[in-house]
Amino acid sequence: MAAGTLYTYPDNWRAFKAQIAAQYSGASLKVASAAPAFTFGQTNRSPVFLKNFPLGKVPAYQGADGFCLFESNAIAHYLGNEELRGASPEAAAQVLQWVSFADSEIIPPASAWVFPTLGIMQFNKQATEQAKEDVKKVLTMLNQHLNTRTFLVGERVSLADIAVVCSMLTLFCRSLSLLSAAFPNVTRWFVTCVNQPQFKAVLGEVKLCEKMAQFDA
Amino acid sequence: MAAGTLYTYPDNWRAFKAQIAAQYSGASLKVASAAPAFTFGQTNRSPVFLKNFPLGKVPAYQGADGFCLFESNAIAHYLGNEELRGASPEAAAQVLQWVSFADSEIIPPASAWVFPTLGIMQFNKQATEQAKEDVKKVLTMLNQHLNTRTFLVGERVSLADIAVVCSMLTLFCRSLSLLSAAFPNVTRWFVTCVNQPQFKAVLGEVKLCEKMAQFDA
Amino acid sequence: SVDFLAQEKIWFDKARYDQAERCFYERMNG
């Protein structure tokens, strides 16, 4: 059973993937997200950290045995179990499919839409409108896939659900409520997932936003 | 042993990942990349195709048993074998780490650098200079990792090498030769990989570029 | 094949978003 430390800043949706996976597998995971254990911007630029994690990115995982990993999908995979990863070759491939899908189809437009509302980036009307269209396209596809399914792969939660849910957290919590009526299956699936005890233990109470967040200057 | 059809346009570096994986595993893979089997822009917009592959993206894989997959990393994983995927939990996680690394750290700056030289994008001096810096940073890190290693994970070719090599193909073939002297370990590793019979069967003869490609108007 | 590549969806801006996100969270974490 894996045991180690996850270095990250607080409320990092990428780190949540690994943390939720560890909840399912029972892996012993210490989260270092605040001083003195870890200060983002300082610790991850130190020579010691960069020796183990050359890109200085977080989340970063170091096992009690010294085994080091970066890239959140790899860490979540390592901290998961066979069920989460997909027990058959087909299921395992489908899990990877959805994990890649989250990174390539959800994160770019979600970031473009949400970052201005968080004050992370300047608002750009054209980019935001395009991002909304891209998100709608992706949700339409997901909604269709979840029409007859409770989870993305098979009949239980997998790393696919964990990755896609985490990639959509800021969307659902800041921008998506007015759209969620149009994607009832996605909303049903999302609410089911975030109410699983293992998700709740990491995310706490997840509130769908009441009002679409606007640009935060 | 998997058997099926890979739909793609010709010379698709994402499709190469799956094709090379199939070479290693012995999976029977038919590549549909030209009419009448597949015409990019037409076939992947047809209702039949979209029923199996809702995003219309390629590469897309359909097994002889009807099993459908999109996302190139998932297809390569499915068509690979245990050795390629990483035989231990640690190796498997490291493989996923490098596969994610290729998508998140190599492809964006490599594309931003190379696409203007292919006439696909407008040249933007600042963006190109930034992309070159990002690529150099990534290569520096890779070069250090490969200082004492022949392959990225373990002692044999894995999906990690396949994914990272394929993500760097256009770089090495168009823009990188003047830098390759600065990254001798990366060059050694790249040349070793592309000369493996399984890589050669898919990629043919891979020539490192002699002269740095410039913006092609 | 250049025509096909032109239709690929690539997140060219990723570095800009990564940097903005990094700066934001570095500020938030003191």
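What you see below is based on every heavy atom in this structure, not just the backbone, and it leaves out hydrogens, waters and symmetry mates. Naming: A, B, ... by sequence-line order, numbering from 1 per chain.
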Q.
Taking atom CD as the centre, does C/Gln19 end up with more than 12 heavy-atom neighbours from other residues, nucleotides or ligands that are less than 6.0 angstrom away?
A. no

Q. Taking atom CG of C/Asp3 and atom CZ of B/Phe40, what is their separation to the nearest 0.5 Å?
A. 10.5 Å

Q: Describe, in one word, how the ring planes of B/Tyr9 and C/Phe4 are oriented to each other, choosing from parallel (under 30°), tilted (30 to 60°) and perpendicular (over 60°).
A: parallel

Q | Smallest separation among heavy atoms of C/Trp11 and B/Pro108, with atom names | A | O-CB, 3.5 Å

Q | Euclidean distance, B/Ile120 CD1 relative to C/Glu8 CD, rounded to 0.5 Å | A | 9.5 Å

Q) NZ of B/Lys57 to NZ of C/Lys9: how many Å apart, nearest 0.5 Å? A) 6.5 Å

Q. How many angstroms lie between CG in B/Asp11 and CG in C/Leu5, if you round to the nearest 0.5 Å?
A. 9.0 Å

